[in-house]
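Take a look at the structure set out below.
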Number of protein chains: 2
Amino acid sequence: MLSDRQHLILQAIIENYIHSAEPVGSRTISKRPEISFSSATIRNEMSDLEDLGYLEQPHTSAGRVPSTKGYRYYVDNMIQPDLENSDDLTNWKQLFADRIFYFENAIEQTASVLTQLTNYTAVVLGPEIFEHRLKHLQIISLNETQAVAIIVTQTGRVENKRIDLPSGVSPGEMEKLVNILNTKLHDTPLWKLRQRLYQEVSVELKRHVEQYEEMLTILGKAVDGDATDRLLLKGTTKIMEQPEFQDMEKVKEILELFEHSEQLTPRFDPSRSGLQISIGQEHSLEAMKNCSIVTTSYTFNGKPVGTIGILGPTRMEYGKVIAVLDFIALGLSQMLSTHLNGDEKK
Amino acid sequence: MLSDRQHLILQAIIENYIHSAEPVGSRTISKRPEISFSSATIRNEMSDLEDLGYLEQPHTSAGRVPSTKGYRYYVDNMIQPDLENSDDLTNWKQLFADRIFYFENAIEQTASVLTQLTNYTAVVLGPEIFEHRLKHLQIISLNETQAVAIIVTQTGRVENKRIDLPSGVSPGEMEKLVNILNTKLHDTPLWKLRQRLYQEVSVELKRHVEQYEEMLTILGKAVDGDATDRLLLKGTTKIMEQPEFQDMEKVKEILELFEHSEQLTPRFDPSRSGLQISIGQEHSLEAMKNCSIVTTSYTFNGKPVGTIGILGPTRMEYGKVIAVLDFIALGLSQMLSTHLNGDEKK
DNA sequence: GTTAGCACTCACTCCTGTTGAGTGCTAAAC
DNA sequence: GTTTAGCACTCAACAGGAGTGAGTGCTAAC
């Protein structure tokens, strides 16, 4: 599609713009060591690239700026995950090792490390708990009408949910029910819980417990997970350091979006595994039309269970960001697997 | 200390400044209906007020601006909680009733309502769980070395903490211990838990369980509460709407402080009950030298258990903010008491 | 096809004059 | 001895205009 020379020039322009944040002109490009033609030639090529939609001009007599299409071409054809120098990798390893060894705050620390390494906003979606297996189920009644359901997974996560009891259920019956469930459902992955509750257990239950129908409905509710509170943002103010975000209005829009982070959750679905890059207007969020989102998933026992990502200006250092994300996702996956597969280690 | 006329003028200046955010001059004041002297007289008085430290001048030939001391005098001597018009109260009641009826998200909704009513950032410290009484204690071992401690309170809150087990403790002993503890400690307020663990239970335990010493230490850790994650901020971007915060640098500092909200926690200690106002440099946080914090506490069974507050520019509408906080604190207290004292209501 | 040269565009900066809201001082009026 | 009118002075903010420089697009020569 693009000639070799166009490819070369487009790359030079984008890389220059990524670091300067200023529209880049033909003369600047002609001075680069890998460029051997004059500024006039470059001007002609730039004009062609603009016609093709890869570049934009803020106004006549200004330099050119990459368009969304330009960035898309760049990330698809030009970048290789880039460890600027090998010192970086050592530093990252160090930082990761220093900060992330407790399971409890691993997610939060991961987000911190990500934002620290990249200087962009980090987004982390906590591990998908549905894959985890049931260790213990318990229902504790508080008074005649209310109770708390507690679910503990093999991996030590505790989820709890308040439920309303149907009137006329005695604590004794409740206990009976829970005892049965604990034996029957032990070791079931959480995502199967609801299904198994209905298919297998209900027959058994019917014999033992009155009003099993209502209780089942309630238990069904209790085991339904909730994804929104697993999304964590860190370094939300980093965007203000970018020269193209010196306008209060734009920044405010973005930060308001961050405050209602549930709107972002769908973009971090861990089932879309592997590296995902969404540039500028490619995502429909108006406030983020000048931002890109790069995400990848991390795994537990080979299956993707959560997502980590970087949110920055379209003009972000894609090479570095991708390298960092890959590295951290791998580290996090390894950490989860050593920690949760029964091996111990402080 | 201040003459009647000085009092009147200071009040006029501050009220004007609160609404205009511009340095206020003598002529502006002289035009106010309650002021009957000429601008020249006011100039003289303003000069005196500046000497006394109640006013400041950004530069010669600019109007005057209230100093921290000026605001302090204002909140101590001039404001009455102010329901601008009685419609407001009806609106607040409506909003409160519409949004806050589920216990689970009451805290979050409270913060939303606060920020919506005042247009400033809202801070809410979740209810102090230490006053709540123990309903159920449980330890679930995950493998040979790790376990999860779960504490359920009478009010249905669930706290959990991962603990490391000393090697050589059998699950059977663990169960024995938990059974004893559940009977012994039932209905103990959480803040007494650690103490009672050591004083009363340990003697009993010594007879039943091996290695009670280590286990006690671990249990002690498990029942220690953690306050930081109870602090919730809402409407953090509101500060950007204030005309005196159009400078990116200042805003960034404040938002970074918000991101590390644990630094703010000490300021919201619910044990300091009642209305607290902290103005400008009165609090030591450099980033917030142009901000004020107004807080009050809400209660459960007559005791203060949590804090709600508003964080805005020193130039905030103190009258309205105080009225809103009082109103919401009362509503929240009532809501907690009807919901948690065993009465039911969907 | 490539490049040098040139006219043209346009944001940006610096300078200058003007405006107006504000002060402080003084002398007259109350 | 207060209060007020009057006046000179200060200074941020705004507007207009000249100059600068980075950039383009076009054309003619290599």
Side-chain angles (χ1 to χ4, degrees), chain A residues 2-10 12-17 19-67 70 243-244 246-247 315, chain B residues 2-10 12-17 19-67 70 243-244 246-247 315:
Chain A
L2 292 187
S3 73
D4 282 359
R5 198 167 67 187
Q6 286 174 326
H7 184 101
L8 195 62
I9 290 176
L10 183 55
I13 291 173
I14 294 182
E15 276 167 12
N16 202 291
Y17 184 67
H19 289 104
S20 71
E22 302 270 285
V24 6
S26 52
R27 238 177 85 76
T28 319
I29 295 301
S30 73
K31 277 187 222 138
R32 290 192 143 226
E34 80 268 25
I35 302 286
S36 53
F37 1 90
S38 78
S39 63
T41 312
I42 294 167
R43 277 205 285 287
N44 290 330
E45 294 286 22
M46 279 165 93
S47 178
D48 291 351
L49 284 169
E50 185 174 0
D51 291 344
L52 292 169
Y54 294 98
L55 294 177
E56 281 166 0
Q57 213 171 4
H59 55 264
T60 11
S61 93
R64 302 298 210 293
V65 156
S67 66
E244 64 264 56
Q246 293 308 21
D247 178 26
R315 184 190 64 76
Chain B
L2 292 187
S3 72
D4 282 358
R5 198 166 66 186
Q6 286 173 326
H7 184 101
L8 195 62
I9 290 175
L10 183 56
I13 291 173
I14 294 182
E15 277 168 9
N16 201 291
Y17 185 67
H19 288 104
S20 72
E22 302 271 287
V24 5
S26 52
R27 238 177 85 76
T28 318
I29 296 300
S30 73
K31 277 188 222 137
R32 289 192 144 229
E34 80 270 24
I35 302 287
S36 53
F37 3 91
S38 79
S39 64
T41 311
I42 294 166
R43 277 204 286 286
N44 291 329
E45 293 286 22
M46 279 165 94
S47 178
D48 291 351
L49 284 168
E50 185 173 2
D51 290 344
L52 291 168
Y54 294 98
L55 295 177
E56 281 166 1
Q57 214 171 4
H59 55 264
T60 12
S61 94
R64 302 299 208 294
V65 155
S67 66
E244 64 266 55
Q246 293 306 35
D247 178 27
R315 185 190 63 76

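First the proteins, then the strands, lettered A, B, ... as listed; each starts at 1.
In terms of the side chain to side chain contact (heavy atoms under 4.5 Å, CB included) criterion, residue partners of B/Leu52 (sequence neighbours excluded) are, by chain and number, B/Leu2, B/Gln6, B/Tyr54. Every side-chain hydrogen bond (donor to acceptor under 3.5 Å, both in side chains) that B/Glu244 has, sequence neighbours left out, goes to B/Arg315. In this structure, A/Thr60 has no side chain to side chain contact (heavy atoms under 4.5 Å, CB included) partners at least two apart in sequence or on a different chain. Residues satisfying the salt bridge (charged side-chain N to carboxylate O under 4.0 Å, His left out) test with A/Arg5, not counting sequence neighbours, are A/Glu45.
Heavy atoms only, all atoms of each residue included: B/Pro58 and B/Val65 are closest at CG-CG2, 4.3 Å. Here the closest heavy-atom approach between residue A/Ser67 and residue A/Gly53 is recorded as OG-O, 2.6 Å.
Heavy-atom distances under 4.0 Å link DNA chain C to A/Ala40, A/Thr41, A/Arg43, A/Asn44 of residues 40-48 of chain A, given in residue order.
At whole-Å resolution of the value, CD1 in A/Ile29 and P in C/dT3 are 15 Å apart. The nearest whole Å value for the distance from the CD1 atom in A/Ile13 to the C1' atom in D/dA22 is 15 Å. Distance CD1 (A/Ile35) to C1' (C/dT3): 16 Å, rounded to an integer number of Å. To the nearest angstrom, P of C/dT23 lies 10 Å from CD of B/Glu50. Between A/Arg27 atom CZ and C/dC6 atom P the separation is 15 Å, expressed in whole Å. Put simply, CD on A/Gln57 is 11 Å from P on C/dA11, counting in whole angstrom units. If you take CZ of B/Phe37 and P of D/dA5, they are 14 Å apart, rounded to a whole angstrom.
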Scan nucleotides 8-11 of chain D against the protein and return all N/O pairs shorter than 3.5 Å with their distances rounded to 0.1 Å.
| residue | atom | partner | partner atom | Å |
| --- | --- | --- | --- | --- |
| D/dT10 | O2 | B/Ser61 | OG | 2.9 |
| D/dC11 | OP1 | B/Thr60 | OG1 | 3.3 |
| D/dC11 | O4' | B/Ser61 | OG | 2.9 |

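Rounding to the nearest 0.5 Å places CD1 of B/Ile14 at 12.5 Å from CD1 of B/Ile9.
B/Thr28 comes within contact range of the sugar-phosphate backbone alone, with a heavy-atom separation under 4.0 Å but no base atom that close.
Proximity of A/Arg64 to the phosphate of D/dG23: no side-chain N or O atom is located under 4.0 Å from OP1 or OP2.
The number of heavy-atom neighbours closer than 6.0 Å to CZ of B/Arg27, taken from other residues, nucleotides and ligands shown, is 12 or below.
Looking only at distances, a side-chain donor or acceptor of B/Ser20 sits under 3.5 Å from a matching main-chain atom of B/Asn16.
Closest contact between the side chain of B/Ser38 and the listed nucleotides D/dA5, D/dG25, C/dT23 involves D/dA5.
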